J.: 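Please find one structure pasted underneath; my questions will follow.
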Amino acid sequence: MNSNYWWLSINPKMLHFRDLEVGDCFYYTALNEDGTPRTLYKNFTEIKKGAYVIAYETEPSNEVIGLCQVIEEIKDDKVMFKKIEGLTDTVTRYSIECHIELANLEVFRYTQGTLFKLAPREYEVIYSMMRELNPKKQYRYYDIYNKEKFLEEVYFDEKDYDELRALILRRKNVILQGAPGVGKTYIAKKLAYSILGQKDEEKILPVQFHELYSTDEFMEGYRADDIGIYKYKRGCFKRICNKARNDPNNKYFVIIDEINRGNIAKIFGEAFALIELDKRGKENYIELACSRERFYVPNNIYIIGTMNTYDDELAIKDYALRRRFSFYTIKPIFENENFKKFYMQNPKLEKVINSIMTVNKSLDDNVKIGHSYFCKPMDDENINMTVKYSLIPYINQYFNDNSKTKQELISLLQNSIE
């Protein structure tokens, strides 16, 4: 094992290590801005080609953010490094200071300095802390998932699949809207699988918005730990963006269920503008208010939201938000050939489906009864219970002010299960 290990304290005002791609090289000078040698200048002269270097970002974050390697030894007072890893979850200085085996780090013994020596054991401990938070990817077998598999598992027409897939790949931010029970969330996840080409859960972030969901959970903020001490935490969206930044050759999906139930602009915070197509990429970074870290949304992040159109009070009326998303309506697909083959095997279910299609003619598109109530095999008792305790109450509520129509449609549904 290489016994030449180091710690490089990087000033983000001089170098934005996080913005470098894995494999990018950079120089770090052994001189101060005024041309005088840095504190511990001799360390720059002693570091050897091939040495592993812990990349540590100084104020304001004070955390280990990656790993690099020496490519060229000192020349003209500069050393060349190569970024070999960026961390999704960083290691805080506090956690390092609290580790008993790291109490005598050279970096802690000098108030000034840039490049510090690490003993082999000190490097091993810090590296193990990095791996605990960022496990090394191991080869895993993922089930292959493609267009054919999607159309086999999801009742969806092929031309609609092609259109929706193209929309997501081009626009990157898409909201699937429609009445309750049309399978929006199910479609979103299966569609992500089909674009990835496999069932890779590590590249999909499922989130559900609600009234109390906050930017602290989604982006970053200070949250209380188990003993009530408030500590800085990265939110789930920031973490998957960091993951995507460190893996630019693969696509990552954020699936936001019930996206209209949260205050979307508030949840995204400063990052709200960055999800736009022309605001993606590291050249469009912003400095986050909490961590003061440079943040951008990478081009390989795709956001799929879902929303019910049943409740007018939850309609998205914010033009700025609508401008950032494309909207695709998912409709009931009782006429889909594969679905017809499925329900026509059961005479009772076929009778119920026919009554639902008649009922839907009296309903607005936003509230039509969806097909997902009956997508799985059901015995007669389950069919009866679904109609009596899910569909009839739904009609009863919707036509609360029109008793005649309400009674006609309820009678139609009741007759279908008798």
Side-chain angles (χ1 to χ4, degrees), residues 1-30 38-40 43-44 46-74 78-97 99 102 105-108 110 112-137 232 234 238-239 241-248 282 285 287-288 291-296 298:
M1 181 181 288
N2 192 324
S3 60
N4 199 6
Y5 300 108
W6 300 84
W7 170 299
L8 179 65
S9 290
I10 299 172
N11 184 340
K13 293 180 181 178
M14 298 180 62
L15 174 71
H16 294 288
F17 183 86
R18 299 176 195 265
D19 294 349
L20 298 176
E21 305 289 352
V22 171
D24 284 354
C25 296
F26 63 94
Y27 285 102
Y28 221 88
T29 177
R38 291 186 185 276
T39 303
L40 298 179
N43 283 353
F44 281 89
E46 294 178 5
I47 195 168
K48 301 298 180 184
K49 183 177 180 179
Y52 288 100
V53 183
I54 299 293
Y56 174 83
E57 187 175 75
T58 59
E59 295 287 349
S61 64
N62 293 316
E63 57 193 6
V64 173
I65 58 175
L67 189 65
C68 48
Q69 194 169 18
V70 177
I71 301 302
E72 291 181 3
E73 296 173 16
I74 192 165
K78 293 186 292 185
V79 175
M80 179 184 279
F81 301 88
K82 178 174 74 172
K83 179 176 180 177
I84 59 177
E85 183 180 357
L87 300 186
T88 298
D89 290 318
T90 54
V91 182
T92 64
R93 183 183 178 103
Y94 176 78
S95 63
I96 293 173
E97 289 175 331
H99 199 290
L102 302 177
L105 287 183
E106 188 176 62
V107 66
F108 294 160
Y110 290 87
Q112 302 292 323
T114 301
L115 188 64
F116 303 91
K117 293 179 181 178
L118 288 174
R121 178 56 186 165
E122 292 171 338
Y123 174 84
E124 289 174 6
V125 172
I126 297 173
Y127 185 79
S128 68
M129 296 170 77
M130 293 166 55
R131 289 283 71 86
E132 184 177 352
L133 294 171
N134 305 266
K136 268 289 186 185
K137 289 184 178 179
Y232 171 79
R234 282 180 177 78
K238 187 177 179 183
R239 291 183 68 250
C241 283
N242 287 344
K243 237 174 144 177
R245 287 166 65 170
N246 294 328
D247 187 17
K282 59 186 177 184
Y285 73 89
E287 185 176 283
L288 296 176
S291 64
R292 289 161 57 194
E293 179 184 322
R294 283 173 40 141
F295 175 81
Y296 64 88

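Quick caveat, the model's predicted, so the values are computed rather than measured.
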J.: Quick check: do I47 and F81 have side-chain heavy atoms less than 4.5 Å from each other?
T.: yes

J.: Apply side chain to side chain donor-acceptor pair (under 3.5 Å) to S9 and list each qualifying residue two or more places apart in sequence or on a separate chain.
T.: W7

J.: Report yes if the side chains of I54 and L67 come closer than 4.5 Å at any heavy-atom pair, otherwise no.
T.: yes

J.: Quick check: do V107 and E122 have side-chain heavy atoms less than 4.5 Å from each other?
T.: no

J.: How about N134 and E85: does a side-chain donor come under 3.5 Å of a side-chain acceptor?
T.: no

J.: On a heavy-atom basis, which atom in Y296 and which in Y285 lie closest, and how many Å separate them?
T.: CB-CA, 4.0 Å

J.: Under 4.5 Å between any side-chain heavy atoms of E106 and L40, yes or no?
T.: yes

J.: Suppose we screen for salt bridge (charged side-chain N to carboxylate O under 4.0 Å, His left out). Which residues come up paired with E293, at least two apart in sequence or across chains?
T.: R18, R234, K238

J.: With sequence neighbours left out, write down each residue that passes side-chain contact (heavy atoms from CB on, under 4.5 Å) with A30, or none if nothing qualifies.
T.: Y41, F44, I74

J.: Do other residues, nucleotides or ligands put more than 12 heavy atoms under 6.0 Å from F108 CZ?
T.: yes

J.: Quick check: does any side chain N or O of K282 sit under 3.5 Å from a backbone N or O of D19, one acting as donor and the other as acceptor?
T.: yes

J.: What distance do L133 atom CG and T90 atom OG1 have between them, rounded to the nearest 0.5 Å?
T.: 8.0 Å

J.: By side-chain contact (heavy atoms from CB on, under 4.5 Å), which residues pair with I71, not counting sequence neighbours?
T.: C25, M80, K82

J.: Name all residues meeting the side chain to side chain donor-acceptor pair (under 3.5 Å) criterion together with E97; count only those two or more places apart in sequence or in a different chain, and write none if there are none.
T.: R93

J.: Could you work out, with salt bridge (charged side-chain N to carboxylate O under 4.0 Å, His left out) as the rule, every residue matching K117, not counting sequence neighbours?
T.: E46

J.: Just wondering, do Y52 and N4 contact through their side chains at under 4.5 Å, heavy atoms?
T.: no

J.: Please lay out, stage by stage, how Q112 and T39 fare under the test side chain to side chain donor-acceptor pair (under 3.5 Å).
T.: CA-CA 6 Å; Q112 302 292 323; T39 303; 5.5 Å; no

J.: For the residue pair L118 and I126, establish whether any side-chain heavy-atom pair is separated by less than 4.5 Å.
T.: yes

J.: Only counting residues at least two apart or in another chain, list the ones meeting side chain to side chain donor-acceptor pair (under 3.5 Å) with H16.
T.: R294

J.: Of all the heavy-atom pairs spanning R38 and Y28, show the shortest one and how long it is.
T.: NH2-CE2, 3.9 Å

J.: Does R239 have any salt bridge (charged side-chain N to carboxylate O under 4.0 Å, His left out) partners at least two apart in sequence or in another chain, and if so, which?
T.: D89

J.: Can you name the closest pair of heavy atoms from F17 and G66 and give their distance?
T.: CE2-CA, 3.9 Å

J.: State, to 0.1 Å, how close P298 and R245 come at their nearest heavy-atom pair, and which atoms those are.
T.: CG-CG, 3.9 Å

J.: Which heavy atom of N246 sits nearest a heavy atom of K83, and at what distance?
T.: OD1-NZ, 4.3 Å

J.: Could you go through Y5 and V53, starting from their C-alpha distance and side-chain angles, then the distance that decides it, and tell me whether this counts as side-chain contact (heavy atoms from CB on, under 4.5 Å)?
T.: CA-CA 6 Å; Y5 300 108; V53 183; over 6 Å; no

J.: Suppose we screen for ring-ring contact (aromatic ring centres under 6.0 Å, His included). Which residues come up paired with Y127, at least two apart in sequence or across chains?
T.: Y123

J.: Identify, with sequence neighbours excluded, every residue that meets side chain to side chain donor-acceptor pair (under 3.5 Å) alongside T92.
T.: S95

J.: Are the side chains of W6 and L115 in touch, meaning some heavy atoms are under 4.5 Å apart?
T.: yes

J.: Could I get the full list of salt bridge (charged side-chain N to carboxylate O under 4.0 Å, His left out) partners for E73, not counting sequence neighbours?
T.: none

J.: When rounded to the nearest 0.5 angstrom, what is the spacing between CD1 in I10 and OG1 in T58?
T.: 8.5 Å

J.: To the closest 0.5 Å, what do you measure between CD1 (I65) and CD (E57)?
T.: 4.5 Å

